[in-house]
Amino acid sequence: MKTRLTDLLGIRYPVIQASMAWITDAVLAAAVSKAGGLGTIGPNSGFKTVTSDAKETGERLREQIRKCKALTDSPFAVNFVVGVPGWDRDYSDYCVEVGLDEGVPVAIVSQGSAQVYTQRFKEAGTRVVQVCSTVRHAMKSQEAGVDAVIVSGTEGGGHSGFDQLTTLSLVPQAVDAVGIPVVAGGGIVDSRGLMAALALGAEGVYMGTRFMATRECPAHDNVKQALLAATDVSTIAVRHGSPVPVRNPEAGNRGFVEERRGSVRLIYTDFLREVLAEKGGTISMEDALAGRKGDEPSPESNRTVAAFVDGRVQENTITASQASGLIRDVPTCEELIRRLVQEASPIAHRLKTIVG
Ligand SMILES: Cc1cc2nc3c(=O)[nH]c(=O)nc-3n(C[C@H](O)[C@H](O)[C@H](O)COP(=O)(O)O)c2cc1C
């Protein structure tokens with residue numbers, strides 16, 4: 001399979017494994033890259049405890065980058081989450097320095113403006129792919145000089161934009177608006193999703209939740225079982241309580257709303273059901289993620305770690321795709337990518353018989 005994205009990144013198949021923080025470590029990223037896709041190392045990956053030290057965060061990342069390089073010669077990516085000045089910018093600044101030091105081949109930059117780091121990466125010869133949730137964000141990222149954009153719809157696991165655009169609506173509008181390759185994310189878990197994305201004009205896919213249910217993913221088995229048990233109605237998207245939760249002095253309020261965390265999609269767990277019942281069925285992201293006072297898992301942990309790493313899924317919150325109901329097994333990354341590619345031909349054939 002060949003698109004401008006495969007040429008740009010030097011990969012065989014237009015499949016990028018999305019960043020999923022703690023559970024996208026060097027082993028997973030290397031397995032995806034070896035299989036012909038692009039693996040991505042996520043923030044804090046490979047570790048089991050929370051740190052509030054920016055330097056330690058960066059050094060943990062360095063360890064993962066070196067491990068990935070030792071496991072594969074194929075290109076791989078690192079996710080850099082752009083911090084807000086005065087809040088968490090020191091984390092992203094340090095991580096970017098580490099990424100530049102280590103010569104990472106591809107930077108996947110998310111939850112912030114492309115203006116912050118693109119130039120530095122480009123000067124170092126790093127390919128830059130920006131994660132966007134609106135057409136405007138994609139256009140601004142192109143102006144800032146990124147090589148490609150990922151546009152990710154609200155179907156996806158993790159944080160997505162405040163406007164909650166769906167992948168089906170967002171991808172073709174972004175394709176029409178920018179000239180650089182567009183990668184489709186959100187709700188894509190199989191070859192049907194891949195082919196649909198290509199039909200919308202995307203040149204690759206960005207898949208998170210599907211790679212969570214792989215053998216190499218370090219997520220606890222309870223998390224993988226929760227995905228296997230999921231149906232079409234197993235997730236809910238919750239928004240920040242207020243439309244402008246934190247000011248971003250560089251981007252202005254509107255910039256924050258468009259470019260940072262607007263909503264998060266969570267799978268129903270016992271904990272989430274309890275909070276929903278307490279809050280009368282309408283909850284904000286703050287309600288869902290903060291939990292009740294005095295109910296934090298431990299000082300070294302947080303709800304994400306407790307669920308994804310320790311496997312205490314039902315007492316916490318986990319984020320996952322609206323398409324989780326399509327996940328029925330836990331293959332290796334190699335098996336998954338082979339399947340994505342092999343099942344594309346019969347789909348193309350079927351479409352040809354319809355279209356003529
Ligand atoms: C468990 C989990 C953790 C995530 N963590 C991150 C992250 O650290 N950085 C980021 O930019 N996106 C993160 N995301 C979003 C994904 O990178 C991606 O946009 C999303 O998974 C795509 O949709 P899909 O899950 O339907 O494939 C996360 C998603 C999940 C499911």
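Every number for a ligand or one of its atoms is a count from 1 in the order of the listing. Here, residue 1 is the first one in the sequence, and each next residue gets the next number.
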Geometry only, no angles: is G208 polar-contacting ligand 1 at N/O separations under 3.5 Å? yes
For ligand 1 and E155, I'd like to know whether there is a polar contact (N/O to N/O, distance under 3.5 Å). no
Contacting atoms of ligand 1, where contact means under 4.0 angstrom from a heavy atom of Y206: 17 (O), 18 (C), 19 (O)
Will you find, in the side chains of S160 and S263, an N or O donor that is under 3.5 Å from an N or O acceptor? yes
Should you measure from each heavy atom of P43, which atoms of ligand 1 turn up under 4.0 Å away? 8 (O)
Tell me which protein heavy atom sits closest to atom 8 (O) of ligand 1, plus the residue, atom name and distance to 0.1 Å. A21 N, 3.3 Å
Check for me whether G187 has a heavy atom closer than 4.0 Å to any atom of ligand 1. yes
For atom 22 (C) of ligand 1, what is the closest protein heavy atom, and at what distance to 0.1 Å? G186 N, 3.8 Å
Is a side-chain donor or acceptor of T319 paired with a backbone partner of R265 at a separation under 3.5 angstrom? yes
Return the NZ to OG1 distance between K224 and T214, rounded to the nearest 0.5 Å. 5.5 Å
Note the single closest protein heavy atom to atom 23 (O) of ligand 1, along with its residue, its atom name and the distance in Å. G156 CA, 3.2 Å
Strictly under 4.0 Å, does any heavy atom of S152 approach an atom of ligand 1? yes
Is T209 close to ligand 1, meaning an N/O of one under 3.5 Å from an N/O of the other? yes
Residues, nucleotides or ligands: over 12 heavy atoms within 6.0 Å of R192 CZ: no
Within the structure, does S19 bring an N/O atom to less than 3.5 angstrom of an N/O atom in ligand 1? yes
Side-chain donor or acceptor of E216 paired with backbone N/O of C333 under 3.5 Å: yes
All side chain to side chain contact (heavy atoms under 4.5 Å, CB included) counterparts of V309, not counting sequence neighbours: W22, K48, V305
Please give me the minimum heavy-atom distance between T51 and E56, naming the atom from each residue. OG1-OE1, 3.1 Å
Whether M212 lies under 4.0 Å from ligand 1, heavy atom: yes
Could you list which atoms of ligand 1 come closer than 4.0 Å to a heavy atom of G158? 28 (C), 29 (C), 30 (C), 31 (C)
Report the residue from P43, C95, S45 that forms a side chain to side chain contact (heavy atoms under 4.5 Å, CB included) with L61. C95
May I ask you to list the atoms of ligand 1 that are less than 4.0 angstrom from any heavy atom of T319? 1 (C), 2 (C), 30 (C), 31 (C)
For the side chain of T57 and the backbone of D53, is there at least one donor-acceptor N/O pair under 3.5 Å apart? yes
Return the residue, atom name and 0.1 Å-rounded distance of the protein heavy atom closest to atom 4 (C) of ligand 1. M20 CA, 3.3 Å
Residue K122 excluded, over 12 heavy atoms near NZ under 6.0 Å: yes
For atom 15 (C) of ligand 1, which of A18, G157, G153 has the closest heavy atom? G157
If the condition is ring pair (Phe, Tyr, Trp, His ring centres under 6.0 Å), which residues does F80 pass it with, not counting sequence neighbours? F121
Is the closest N or O pair between H159 and ligand 1 shorter than 3.5 Å? no
Would you check if the side chain of N79 reaches a backbone N or O of I108 as a donor-acceptor pair within less than 3.5 Å? yes
Does atom CG of D221 have more than 12 heavy-atom neighbours from other groups under 6.0 Å away? yes
Quick test of your reading of the structure: of T235, V189, N79, whose heavy atom lies closest to atom 10 (C) of ligand 1? N79
Number the atoms of ligand 1 from 1 as they appear, then name those within less than 4.0 Å of a heavy atom of S110, with their elements. 10 (C), 11 (O)
M207 to ligand 1, any heavy atom closer than 4.0 Å: yes
For F308, is the nearest heavy atom under 4.0 Å from an atom of ligand 1? yes
